[in-house]
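Scroll down for the structure; my scribbles are underneath it.
In listed order, ligands and their atoms are each counted from 1. Owing to the predicted nature of the structure, the values given are computational and were not obtained by experimental measurement.
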Amino acid sequence: MYRIFNTHEQAAQFTAHLLQDFISQRPAGVLGLATGGTMEPVYAHLIELIKQHNTSLEQLTTFNLDEYVGLSRTHPQSYYHYMQEHLFAQLPSCPKSINLPNGCATDLEQECRRYTAAIRSHGGLDLQLLGVGSNGHIGFNEPHTAFNSITHVVELSEQTRLDNGRFFDNFDEVPTQAITMGIQDIMQAKQIVLVVTGAHKAHTVLDFFNSAVCESMPASCLKNHPNFLLVMDQAAAQLVSAETLKKLA
Ligand SMILES: O=P(O)(O)OC[C@H]1O[C@](O)(CO)[C@@H](O)[C@@H]1O
């Protein structure tokens with residue numbers, strides 16, 4: 001299924017309502033969260049809704065998709081810091097259990113195994129929120145990542161480092177590695193919501209629709225998920241014909 005909104009703001013508002021409904025209906029649920037520019041207005045709206053409805057997060061568990069290797073939790077560009085800044089620190093109460101991979105673990109391979117095991121020990125993800133990179137990555141699963149991958153260390157592509165360079169003072173500071181949930185971890189979520197906004201993602205959206213389900217376009221796997229929703233704004237959806245959109249109806 002897909003939904004198209006006129007603006008990023010409206011797409012974000014709709015997504016925040018979905019998340020608020022999820023938390024109200026499944027207060028002890030397991031929610032997969034994402035970072036990036038796309039999610040900033042989603043979280044801003046979600047904070048408002050949570051306050052407005054007095055929603056309790058005290059039984060909720062969250063798992064983030066990914067974290068940079070080598071950035072401490074206090075680093076302003078770590079995803080741990082992002083989540084505190086854009087969501088958790090602004091909430092009246094925090095989720096019972098907040099989980100992100102530890103990008104500073106001494107044994108990164110063990111940390112990856114621990115992370116997938118932790119997701120599974122919570123019964124898997126009930127809902128996974130996703131953004132997409134301009135090269136089609138989900139989490140930090142770059143093109144050609146195996147669809148059966150679990151949490152792993154990834155070498156970030158030049159494209160991803162260039163895209164994310166806007167958050168750092170200079171390109172050399174952008175980490176070269178990250179820990180990410182694998183495609184299999186993501187696909188095992190019971191429900192997936194992918195949010196794509198902005199004209200700079202229009203070619204990514206077109207590739208998503210035109211691509212076969214194959215590892216060179218990581219997000220393409222989502223087309224095989226039984227409970228997948230694609231939320232776009234007009235700018236991101238502008239290159240896709242109405243005929244093509246129907247394939248996801
Ligand atoms: O929303 P943005 O900043 O375009 O990022 C898209 C995706 O890329 C990542 O930032 C990783 O590069 C994800 O965390 C995010 O979902």
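- For residues 230-249, the pairs satisfying salt bridge (charged side-chain N to carboxylate O under 4.0 Å, His left out) are E243-K246, with sequence neighbours left out.
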Name each N or O atom in ligand 1 that is under 3.5 Å from a protein N or O, and give the partner atom and the distance.
residue, atom, partner, partner atom, Å
ligand 1, 1 (O), G37, N, 3.3
ligand 1, 1 (O), T38, N, 2.9
ligand 1, 1 (O), T38, OG1, 2.4
ligand 1, 3 (O), G37, N, 2.8
ligand 1, 3 (O), R166, NH2, 2.9
ligand 1, 4 (O), K201, NZ, 2.7
ligand 1, 8 (O), H137, NE2, 3.1
ligand 1, 10 (O), Y79, OH, 3.3
ligand 1, 12 (O), H137, NE2, 2.9
ligand 1, 12 (O), N164, ND2, 3.1
ligand 1, 14 (O), T35, OG1, 3.1
ligand 1, 16 (O), G131, N, 3.4

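- With V69 as the partner, the side-chain contact (heavy atoms from CB on, under 4.5 Å) test is satisfied by one option alone out of E111, E155, Q177: Q177.
- Using a 30° and 60° split on the angle between ring planes, Y82 and Y43 fall in the perpendicular class, above 60°.
- In this structure the side chain of Q128 never reaches within 4.5 angstrom of the side chain of I138, judged on heavy atoms.
- No donor-acceptor distance shorter than 3.5 angstrom exists from the side chain of N64 to the backbone of T35, with no hydrogens or angles considered.
- Y79 pairs with exactly one of F88, F167, Y68 by the ring pair (Phe, Tyr, Trp, His ring centres under 6.0 Å) rule, that one being Y68.
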